[in-house]
Amino acid sequence: MILCVNVDHVATVRQARLGTDPDPVMAATLAILGGADGITVHLREDRRHINDRDLEMLKRFVPVELNLEMAATDEMVRIAVRTMPDLVTLVPEKRQELTTEGGLNLGTAGKNLRKAIRTLKAKGIMTSLFINPSEDDVDSSKDMGADMVEIHTGNYANARGDVQERELVKVMKAVQRAVSLGLKANAGHGLNYYNVLRIAESDSIRGLYIGHSIISRAVLVGMECAVSEMKNLVLRS
Ligand code: PXP
């Protein structure tokens, strides 16, 4: 199983001052040194964190899988074709949301998704659909010509007890369905250092796509070192 690290929230911190630090490209390099098998960024229509320059730099410097998450719009498809990431994951996108709230609605978005998949595939870019843990949605993804699906683990991640067990079963059923249809199955959203183990037990999942918990942990485990470096400067020691 591979681990792909989403560095969007490094850019979220940078955008708090509209400056250059911290740089998500540098963070991606360190993530790769830590063992990341892939780097993910979500280029949003409003560019609230990752921007076009980040994507261009990542394409030049990331030697592992570069996964571009994006909405199935003409603008984003044009950018993907120009940049040529290894993988495009099509996601639903709403301006007001804090993060991607759910899987794609394959019914209403179907026409745009099919068009985007056709164009991306013609250029040789692998395409994944971010879908809810539903076997029907896996079937539709296959029908639309996707190479992979990413099963949304948000409900599993946020639930507890019996409800979490039921959500886990839904995720695993969707994964099995995908594999049986010849689709590669990924999973992601809301996974953290506590809930990832049950998902990581599966031999059928190709990759896990994780962002917020890793960036949050990086802030905390790096705090002591960052303060002590500044303290040395303040004390001129
Ligand atoms: N997969 C997809 C499709 C996402 O949109 C996100 C969030 O950007 C993730 C995975 C990662 O989710 P999290 O930041 O909760 O780990």
Side-chain angles (χ1 to χ4, degrees), residues 1-13 15 24 27-28 31 34 36-51 54-55 58 65-73 76 80 85-106 109 113 116-117 126-134 137-138 141 146-159 164 167 171 174-175 178 183-200 205-219:
M1 185 180 291
I2 63 171
L3 170 64
C4 298
V5 177
N6 179 318
V7 295
D8 288 353
H9 294 306
V10 176
T12 302
V13 177
Q15 294 313 101
D37 303 295
I39 297 295
T40 296
V41 285
H42 183 172
L43 187 67
R44 284 182 166 267
E45 186 196 13
D46 63 7
R47 310 297 197 271
R48 69 168 76 153
H49 37 52
I50 293 296
N51 60 35
D54 298 332
L55 180 61
L58 288 165
E65 178 187 289
L66 179 61
N67 172 33
L68 172 60
E69 268 181 36
M70 57 178 233
T73 62
M76 288 299 152
D86 300 293
L87 175 64
V88 163
T89 301
L90 296 170
V91 298
E93 192 175 303
K94 289 191 221 137
R95 254 183 192 257
Q96 298 79 5
E97 69 191 353
L98 286 177
T99 180
T100 314
E101 283 167 354
L104 289 159
N105 182 329
L106 300 179
L113 291 170
I117 292 171
M126 278 193 303
T127 311
S128 178
L129 297 180
F130 184 52
I131 58 171
N132 291 317
S134 134
D137 283 1
V138 173
S141 303
D147 301 294
M148 301 187 198
V149 287
E150 181 181 332
I151 308 296
H152 190 305
T153 49
N155 287 346
Y156 158 79
N158 293 330
Q164 188 170 45
E167 291 298 332
V171 171
V175 166
L183 288 172
K184 295 205 167 73
N186 298 313
H189 214 282
L191 297 177
N192 62 30
Y193 293 80
Y194 310 100
N195 60 29
V196 76
L197 293 175
R198 302 289 300 283
I199 301 279
I205 297 178
R206 169 187 171 271
L208 297 183
Y209 288 72
I210 306 181
H212 190 265
S213 64
I214 294 177
I215 304 306
S216 306
R217 176 72 61 114
V219 170

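What you see is a predicted model; the values in this text were computed from it and never measured. Both ligands and their constituent atoms are indexed starting at 1 by order of listing.
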- What class does the angle between the rings of His152 and His189 fall in, given that below 30° is parallel, 30 to 60° is tilted and above 60° is perpendicular? parallel
- For atom 10 (C) of ligand 1, grab the closest protein heavy atom and report residue, atom and distance to one decimal in Å. Glu150 OE2, 3.2 Å
- Query: For atom 6 (C) of ligand 1, what's the nearest protein heavy atom and its distance?
  - Reply: His189 CD2, 3.5 Å
- Message: Checking contacts here: is it the side chain or the backbone of His42 that comes within 4.0 Å of ligand 1, counting heavy atoms only? Could be both or neither.
- Response: neither
- Do Arg48 and Asp46 sit within salt-bridge range, that is, some charged N less than 4.0 Å from a carboxylate O? yes
- In terms of residue, atom name and distance, what is the protein heavy atom nearest to atom 15 (O) of ligand 1? Gly190 N, 2.8 Å
- Message: Tell me the protein heavy atom at minimum distance from atom 14 (O) of ligand 1, and give that distance in Å.
- Response: His212 N, 2.9 Å
- Message: Starting from atom 11 (C) of ligand 1, what is the nearest protein heavy atom, named by residue and atom, and what distance separates them?
- Response: Tyr209 O, 3.8 Å
- Task: Give the residue and atom name of whichever protein heavy atom lies nearest to atom 4 (C) of ligand 1, and the separation in Å to one decimal.
- Result: Glu69 OE2, 3.2 Å
- Query: Looking at Thr127 and Leu90, what are the two nearest heavy atoms and their distance?
  - Reply: CG2-CD1, 3.9 Å
- Residue that, paired with Ile215, satisfies side-chain contact (heavy atoms from CB on, under 4.5 Å) out of Val10, Asp8, Asn6: Val10
- Query: Does the distance from a Lys or Arg side-chain N to an Asp or Glu carboxylate O, for Arg206 and Glu65, drop under 4.0 Å?
  - Reply: yes
- Which of the atoms of ligand 1 are close to Val91, meaning less than 4.0 Å from one of its heavy atoms? 3 (C)
- Task: Could you check atom 16 (O) of ligand 1 against the protein and tell me its nearest heavy-atom contact, residue, atom and distance included?
- Result: Gly211 N, 2.8 Å
- Query: Rounded to the nearest 0.5 Å, what separation is found between the CG atom of Leu208 and the CE atom of Met1?
  - Reply: 5.0 Å
- Item | atom 8 (O) of ligand 1 - nearest protein heavy atom and its distance | Asn6 ND2, 3.4 Å
- If you take all heavy atoms of Pro24 and Leu58, which pair is closest and at what distance? O-CD2, 4.4 Å
